[in-house]
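Everything on this sheet refers to the single structure shown next.
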Amino acid sequence: MHKKVAFIGSVGSGKTTIINNLSSINALNTDVKSSVDIGKEMTTVGIDYGHIVIDQETTLGLYGVPGQRKFSLIWDFVKEGLWATVILVKNKDQDSLNELKHLIDYFEINENTLCIVGITHVESGGGRSTMKAIKKLFLEQGISPPVYTVDARLHSSAHLIMRTLIAIDESK
Amino acid sequence: MTESFNQVFSDIESKLKHVKVLNLTTADGFPLFTQCIDGFDIETDKLSAVTSSLTALSKAAAKQLLTSQFESTCIETDKGLLYMIQTNYQDKQCILSMLSGDKPNLAQIRYFMNKLAKYIETATLSADK
């Protein structure tokens, strides 16, 4: 069975990095040079696609979408038929937090959705205030997904997210 | 010398029938210039975002599946087509796109859009009418 996992979050939250890290194939990336200052050189305008083989019967398709709302065309086709959603939030970034509510609504995340939130760009021991703000926002929606700090650059950190998703799914 | 984008549009409209929209956008989807025929309206931001996404996907497909350099993308419908081609403008990677109406001639469109994309690389354009 091919299961579809979406990686969503604001610009620069680490979606492309985490997919490159997790994928067992060369990930498909659609990054282009940014023409405005967004705090980094490249930005995703199409889709990132990676692939993980879990066992003989299960593969995960990893779909990263652009962070900018104007690319919601891509959001529309990625959100169909999702098995799980990973939301990445940049630590101490108000724009990233502000975008969270919009993403929850757009991707129709509710108590039945398999979902994990990863806080990225965290210095060691940090991320507490962002975690508190995220949990508060989700509670207001009546949802309480696991929230972790994650280093998108580290394979082990990225894998923890996938293992957690699988564990939650199996415990249902 | 600066040329208005409106003039560029008029030139291409005189060569190709049924042109509806000509758009130049940055590779990351910010519209630079858009010109439509009278009476035709389009959401410029949406057109720019869509051409940016589709071109990026086409480039990735060209690289990974065909192991070759991307040149252009064309979407054909029963009512016309959307043609997108890479270019550079003022040292920025850009996409030139054209929406065409009834019975488009793809070979002609490809020829003139290629020519225009090359011209834009060295041109200075303005939004003046």
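Quick note on labels: first sequence line is chain A, next is B, and so on, each numbered from 1.
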(message) Suppose we screen for side chain to side chain donor-acceptor pair (under 3.5 Å). Which residues come up paired with Thr58(A), at least two apart in sequence or across chains?
(response) Asp55(A)
Just list the donor-acceptor pairs under 3.5 angstrom between chain A and chain B, please.
{"unit_1": "Ser35(A)", "atom_1": "N", "unit_2": "Asp28(B)", "atom_2": "OD2", "d": "2.7"}
{"unit_1": "Ser35(A)", "atom_1": "OG", "unit_2": "Asp28(B)", "atom_2": "OD1", "d": "2.9"}
{"unit_1": "Ser35(A)", "atom_1": "OG", "unit_2": "Asp28(B)", "atom_2": "OD2", "d": "3.1"}
{"unit_1": "Val45(A)", "atom_1": "O", "unit_2": "Ser53(B)", "atom_2": "OG", "d": "2.5"}
{"unit_1": "Lys70(A)", "atom_1": "NZ", "unit_2": "Asp28(B)", "atom_2": "O", "d": "3.1"}
{"unit_1": "Lys70(A)", "atom_1": "NZ", "unit_2": "Gly29(B)", "atom_2": "O", "d": "3.0"}

(request) Check each atom of Val32(A) against the heavy atoms of chain B and say whether the ones under 4.5 Å are side chain, backbone, both or neither. (result) side chain
(message) Quick check on the hydrophobic clustering: are Leu82(B) and Ile12(B) connected, directly or via other members, by side-chain heavy-atom contacts under 4.5 Å?
(response) yes
(message) Hydrophobic clustering (ILVMFWY, side-chain heavy atoms < 4.5 Å, transitive) - are Met98(B) and Ile85(B) grouped together?
(response) yes
(request) Spell out, yes or no, whether Leu82(A) and Ile166(A) are grouped together once hydrophobic residues are joined by side-chain heavy atoms under 4.5 Å, including indirect joins. (result) no
(request) Identify the two heavy atoms, one from Leu57(B) and one from Gly46(A), that lie closest to each other, and give their separation to 0.1 Å. (result) CG-CA, 4.4 Å
(message) Heavy-atom cut-off 4.5 Å, strictly under: side chain, backbone, both or neither for Ile74(A) against chain B?
(response) side chain
(request) Indicate, with yes or no, if Leu97(A) and Ile109(A) share a hydrophobic cluster defined by side-chain heavy-atom contacts under 4.5 Å among Ile, Leu, Val, Met, Phe, Trp and Tyr. (result) yes
(request) Measure Leu73(A) against the heavy atoms of chain B and call it side chain, backbone, both or neither at under 4.5 Å. (result) side chain
(request) Taking heavy atoms only and a threshold strictly under 4.5 Å, list by residue number the residues of residues 3-13 of chain A that touch chain B; give 'none' if the list is empty. (result) none
(message) Please say yes or no: joined through hydrophobic side-chain contacts below 4.5 Å, possibly via intermediate residues, are Ile116(A) and Met162(A) part of one cluster?
(response) yes
(message) Please output the residues of residues 134-144 of chain A in contact with chain B, using a heavy-atom cutoff of under 4.5 Å, in numerical order.
(response) none
